[in-house]
Amino acid sequence: MNVLIIGSGGREHALIIKIAESKKVNQIFISPGNAGTLQIGENVNLNITSHSEVIEFCKNNLIDLVVIGPEVPLVDGLSESLRENNILVFGPNMLAAEIEGNKKFSKELMDENNIPTASFKSFSKSQFNEAIEFLESGSFPIVIKASGLAAGKGVIITENILDAKGAVSSMMLDSIFGESGNTIVIEEFLEGEELSVFAITDGDDYILLPASQDHKRIGEGDTGKNTGGMGAYAPLNFVTDELINEIEKNVVVPTLKGLKDKNRKFNGCLFCGLINTKEGIKVIEFNCRFGDPETQTVLPLLDGDFFELLYSTAKGKINKDAVKYNGGSSICVVTVSGGYPDKYEKGFEITGLENIDDESTKVIHAGTILKNGKVITNGGRVLNAVTTLSKNSLSDCKSICYNQISKVKYKDIYFRNDIGFKA
Ligand code: AMP
Ligand code: GLY
């Protein structure tokens, strides 16, 4: 089988490593990919916004399955363009992808289906004054979210009325997130341990992959600005069988049913961003794709044929026995360019990759590019060091991972030293 993967991050490099393990897979293409993906597949440069260009590539290269990594092409309808042309794809259609691309829709779906989430109210641009009035009667902290896609940056948690009004104005009047902030959701602040759960689903049936936890903030102790994700680990010791049952019963099952009832059947990875509150599990957000960096830490914990899981799902009947949790543990530490998530420089040579000499540690590439035989930094998040052990021992994973990553160098390298601290 020939596979095309869309994307260029650590998530996509991790996906192709796992897909390439399948005996069924011959050739892997990735667009645009990075310096890591070209060690396994062929990097190609497709214009993803041109659906006809992607379709033509798939036809010319006899692609059996397309896997779409990031949310933007999903929300943009690349999946249905491919499906309309009889090309098999893992990833939801545009209307189902709205569960991530349109937070107002997502919150209303939860409301209609009694799916536990923060209480909320949404406002369109013409309701700016109502939004401000609503804040005046609200309690703090309060959470303000751009309804549309904002590359993970569209959430502002505010501690007082002044900051809250500022956040609403910046989204609705100053358009800091462009059109994505034309509609906003204002919601209750929830407290508890966060977890990411991926449901792989054909729209009717599903399996859950092991739960993981991501570290979104730039600074140690979960402080400072939000980022795409500075590291992740799995499994989580607080996730019991009872909690998984609760997640399935109260979140996954009603969400899939709710989407299907609206003719928005979801085929792909439904990413449930959850929080374990005193009142039980609640949804922080849904994403229509695999998480990054959670994918890097979850996939090494699967035995079996991951390609078969995605392929059977894309064909419409998930093979629930294709993979299973192998009982291990894994940690992923992300290295970034100095200055990230604000302004940063790129174009620095990365050295020391050849010094990684531990079998349980893999370097997954994100913002890297190969130039004249050298690996060069090419983005904010640059590398992911992933250490996986066959036993459940996160503390061992952690010490090995940090020992290995310290061998890699580039100008202004930064990473958090406390990934997995809550474990
Ligand atoms: P999101 O992009 O929706 O995942 O939000 C980014 C981060 O903001 C989440 O991982 C949470 O840490 C935080 N967050 C979002 N919504 C809430 C909420 N209602 N209560 C508390 N924290 C939240
Ligand atoms: N790690 C969070 C995300 O992928 O959105």
Side-chain angles (χ1 to χ4, degrees), residues 7 9-12 14-15 68-72 74-75 97 99-104 106-107 110 115-122 138-159 164 167 171 177 180-181 184-198 209 211-219 221-234 268-279 281-299 332 334 336 341 366 380-381 384 419 422:
R11 165 182 52 208
E12 287 77 19
L15 284 167
I68 302 177
E71 62 279 14
V72 173
L74 292 166
V75 170
I99 198 157
E100 172 167 5
N102 179 348
K103 283 193 167 39
K104 176 175 187 279
S106 175
K107 294 293 289 191
M110 288 186 251
I115 296 158
T117 187
S119 62
F120 74 102
K121 219 167 146 66
S122 57
S139 60
F140 292 84
I142 206 163
V143 185
I144 298 164
K145 299 185 172 182
S147 181
L149 291 182
K153 302 191 179 84
V155 174
I156 306 183
I157 297 170
T158 60
E159 303 288 340
M171 288 186 195
F177 301 123
S180 290
I184 60 165
V185 170
I186 301 181
E187 69 178 34
E188 170 199 10
F189 177 79
L190 299 175
E191 268 178 288
E193 224 26 77
E194 287 187 48
L195 63 156
S196 303
V197 175
F198 302 156
L209 303 187
S212 59
Q213 190 171 61
D214 160 16
H215 294 266
K216 285 215 169 75
R217 306 290 195 96
I218 187 74
D222 289 337
T223 54
K225 289 200 169 164
N226 255 334
T227 70
M230 296 298 294
Y233 66 100
C269 174
L270 178 69
F271 171 145
C272 307
L274 307 170
I275 186 160
N276 192 22
T277 72
K278 278 195 195 112
E279 295 102 61
I281 208 82
K282 293 193 182 183
V283 177
I284 292 262
E285 64 163 354
F286 286 115
N287 294 319
C288 62
R289 51 164 176 89
F290 286 100
D292 188 338
E294 291 95 327
T295 301
Q296 291 87 306
T297 199
V298 168
L299 297 194
C332 167
V334 176
V336 301
R381 289 193 288 172
N384 307 252
I419 299 305
K422 288 182 189 160

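Bear in mind the structure is a predicted one, so any value in this text is a computation, not a measurement. Both ligands and their constituent atoms are indexed starting at 1 by order of listing.
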May I ask you to identify the nearest protein heavy atom to [atom], giving residue, atom name and distance to one decimal place in Å?
| atom | answer |
| --- | --- |
| atom 13 (C) of ligand 1 | I157 CD1, 3.9 Å |
| atom 19 (N) of ligand 1 | E187 OE2, 2.7 Å |
| atom 20 (N) of ligand 1 | L190 N, 2.8 Å |
| atom 11 (C) of ligand 1 | E194 OE2, 3.1 Å |
| atom 3 (O) of ligand 1 | E285 OE1, 3.1 Å |
| atom 8 (O) of ligand 1 | V155 CG1, 3.7 Å |

Requested in this report: Answer yes or no: does atom NZ of K282 have more than 12 heavy-atom neighbours from other residues, nucleotides or ligands under 6.0 Å?
Outcome: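 Counting other residues, nucleotides and ligands, NZ of K282 exceeds 12 neighbours.
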
Taking the side chain as every heavy atom from C-beta outward, state whether [X] and [Y] have any pair of such atoms under 4.5 Å apart.
| X | Y | value |
| --- | --- | --- |
| P293 | D214 | yes |
| V155 | I144 | no |
| N226 | R217 | yes |

Report task. Look at ligand 1 and say whether K145 reaches it with a heavy atom at a distance under 4.0 Å. Result ->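 The answer is yes: ligand 1 sits under 4.0 Å from a heavy atom of K145.
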
Report summary line: Closest to atom 14 (N) of ligand 1 by heavy-atom distance, out of I284, I144, D222, is I284

Requested in this report: Specify whether F198 and F271 have parallel, tilted or perpendicular ring planes, treating 30° as the upper limit for parallel and 60° as the lower limit for perpendicular.
Outcome: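 It falls in the tilted class, 30° to 60°.
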
Looking at [X], which atoms of ligand 2 are within less than 4.0 Å of one of its heavy atoms?
| X | answer |
| --- | --- |
| G291 | 4 (O) |
| N287 | 5 (O) |
| D214 | 1 (N), 2 (C) |
| E294 | 1 (N), 2 (C) |
| R289 | 3 (C), 4 (O), 5 (O) |

Query raised in the report: For ligand 2, does R11 get within less than 4.0 Å through its side chain, its backbone, both, or neither, judged by non-hydrogen atoms?
Result: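 It is neither; nothing of R11 touches ligand 2.
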
Query raised in the report: Should the proximity of F290 to ligand 2, defined as any heavy atom under 4.0 Å, be assigned to the side chain, the backbone, both, or neither?
Result: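 Neither; nothing of F290 gets under 4.0 Å from ligand 2.
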
Report task. Show your working on side-chain contact (heavy atoms from CB on, under 4.5 Å) between F120 and M110 and close with a plain yes or no. Result -> CA-CA 11 Å; F120 74 102; M110 288 186 251; over 6 Å; no

Query raised in the report: What do you reckon, does D292 have a nitrogen or oxygen under 3.5 Å from a nitrogen or oxygen of ligand 2?
Result: yes

Report task. Decide yes or no on side-chain contact (heavy atoms from CB on, under 4.5 Å) for K422 and D222, but give the supporting numbers first. Result -> CA-CA 10 Å; K422 288 182 189 160; D222 289 337; 3.3 Å; yes

Query raised in the report: Is K216 in polar range of ligand 1, meaning some N or O pair under 3.5 Å apart?
Result: yes

Query raised in the report: So is there a nitrogen or oxygen of G152 less than 3.5 Å from a nitrogen or oxygen in ligand 1?
Result: no

**Report entry** side-chain contact (heavy atoms from CB on, under 4.5 Å) between H215 and Y233, worked out
**Finding:** CA-CA 9 Å; H215 294 266; Y233 66 100; 3.8 Å; yes

Query raised in the report: Should E285 and K145 count as an ion pair when the cut-off is N to O under 4.0 Å?
Result: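 No, no charged N to carboxylate O under 4.0 Å.
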
Requested in this report: To the nearest 0.5 angstrom, please state how far the OG1 atom of T158 sits from the CD1 atom of I186.
Outcome: 8.5 Å

Query raised in the report: Pick from S122, S180, S147: which one makes a side chain to side chain contact (heavy atoms under 4.5 Å, CB included) with K103?
Result: S147

Requested in this report: Apply side-chain contact (heavy atoms from CB on, under 4.5 Å) to the pair I218 and M230, showing each step before the final yes or no.
Outcome: CA-CA 7 Å; I218 187 74; M230 296 298 294; 3.9 Å; yes

Query raised in the report: Looking only at heavy atoms, is any part of V143 under 4.0 Å from ligand 1, and if so is it the side chain, the backbone, or both, or is it neither?
Result: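 Side chain only.
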
